[in-house]
Amino acid sequence: HRYFGSTLVSCLTLYKIVSGGVDWEEVSEPVMKHISPFAGAIFVMYSLFAALVLLNLVAGVFADGAMKLSRADKELALLEMAYRLFKSADADSSGGVTRDEFQDCSGSPEMHQFFEALEISIVRASDLFDIINQSQDGKLSLEELVAGALMLQGPAKAID
């Protein structure tokens, strides 16, 4: 009756078993002795299942945090690549990159890193220029390059 006198007391006992408030052997031993040895196996399985659920929950929280940090790091790296690409492509330092400047820069390491990060073939450079040139003025600003890079990052993109 001490551990299983009512439904509420039983739930509290099971909670204490999982949280360490009471040793599960202390609870299962009288049950195994007075009811059935099979009840001991049920206690072991319950304790094991509850511990695995708790460990899985904690691991999931840590993994989610790590994924968020990784995603933020990748975005920051992509922004830095876009900035370096813009600076190397803007040959006349006009504050904008023309289609010709963009094409001339297509063999540069900055351009290759940028396209690798976006998971796009370098062959599609002129298509990328058309897509991210939002103002349609024939000149790509740093803001357009950054916005386009953020829009096109990851696997879900359609350039065709």
Side-chain angles (χ1 to χ4, degrees), residues 1-89 97 102 105-106 108-125 127-134 140-160:
H1 280 311
R2 178 176 170 199
Y3 295 116
F4 299 103
S6 69
T7 304
L8 187 60
V9 172
S10 298
C11 288
L12 182 62
T13 299
L14 293 175
Y15 170 74
K16 285 180 179 180
I17 289 171
V18 172
S19 65
V22 66
D23 187 23
W24 69 270
E25 185 178 10
E26 182 181 324
V27 176
S28 66
E29 199 170 291
V31 172
M32 286 179 5
K33 188 184 282 183
H34 297 292
I35 296 176
S36 167
F38 180 68
I42 291 174
F43 271 104
V44 169
M45 289 176 29
Y46 169 78
S47 298
L48 182 64
F49 177 75
L52 288 175
V53 166
L54 187 61
L55 286 174
N56 197 16
L57 181 66
V58 170
V61 168
F62 281 115
D64 185 51
M67 293 290 288
K68 286 179 182 175
L69 287 175
S70 174
R71 193 174 314 123
D73 287 346
K74 284 180 184 177
E75 282 185 8
L76 181 61
L78 184 63
L79 294 176
E80 289 173 356
M81 279 186 245
Y83 181 75
R84 283 194 305 272
L85 172 63
F86 186 82
K87 288 300 175 190
S88 72
V97 177
F102 199 74
C105 189
S106 65
S108 73
E110 292 89 356
M111 182 73 88
H112 283 278
Q113 286 177 340
F114 184 68
F115 274 79
E116 243 179 61
L118 291 177
E119 299 173 6
I120 298 174
S121 170
I122 193 80
V123 177
R124 308 303 302 257
D127 294 334
L128 180 67
F129 185 90
D130 293 333
I131 289 171
I132 63 178
N133 185 16
Q134 297 292 320
L140 197 59
S141 69
L142 178 59
E143 291 81 16
E144 288 174 323
L145 184 63
V146 167
L150 291 175
M151 177 181 68
L152 292 173
Q153 73 178 354
K157 58 187 151 287
I159 294 181
D160 296 327

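When reading the values below, keep in mind they use all heavy atoms of this one structure, side chains included, and skip hydrogens, waters and symmetry mates. When a residue number appears, it is its place in the shown sequence, counting from 1.
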Q: Please give me the minimum heavy-atom distance between L142 and A82, naming the atom from each residue.
A: CD1-O, 4.4 Å
Q: In Å, rounded to the nearest 0.5 Å, how long is the span from CG of L76 to CE of M81?
A: 9.5 Å
Q: Would you say that more than 12 heavy atoms from the other residues, nucleotides or ligands in this model lie under 6.0 Å from the OH of Y83, or not?
A: no
Q: Can a donor-acceptor pair be found, under 3.5 Å and without considering hydrogens, that links the side chain of Y46 to the backbone of L14?
A: yes
Q: Would you compute the distance between atom SG of C105 and atom NE2 of H112 and round it to the nearest 0.5 angstrom?
A: 9.0 Å
Q: Measuring from M111:CE to R84:CZ, what's the distance to the nearest 0.5 Å?
A: 13.5 Å
Q: Working to the nearest 0.5 Å, report the span between CG of L12 and CZ of F4.
A: 10.5 Å
Q: Give the C-alpha distance, both sets of side-chain angles, the deciding distance and a yes or no for side-chain contact (heavy atoms from CB on, under 4.5 Å) between R2 and E26.
A: CA-CA 11 Å; R2 178 176 170 199; E26 182 181 324; 3.9 Å; yes
Q: Taking the side chain as everything from C-beta on, heavy atoms only, tell me whether V31 gets closer than 4.5 Å to Y3.
A: no
Q: Are side-chain heavy atoms of L52 and N56 found at a separation under 4.5 Å?
A: no
Q: Closest heavy-atom contact between M32 and A39?
A: CG-C, 4.3 Å
Q: Search all heavy atoms of V9 against all heavy atoms of G5 and return the closest pair with its distance.
A: CG1-N, 4.0 Å
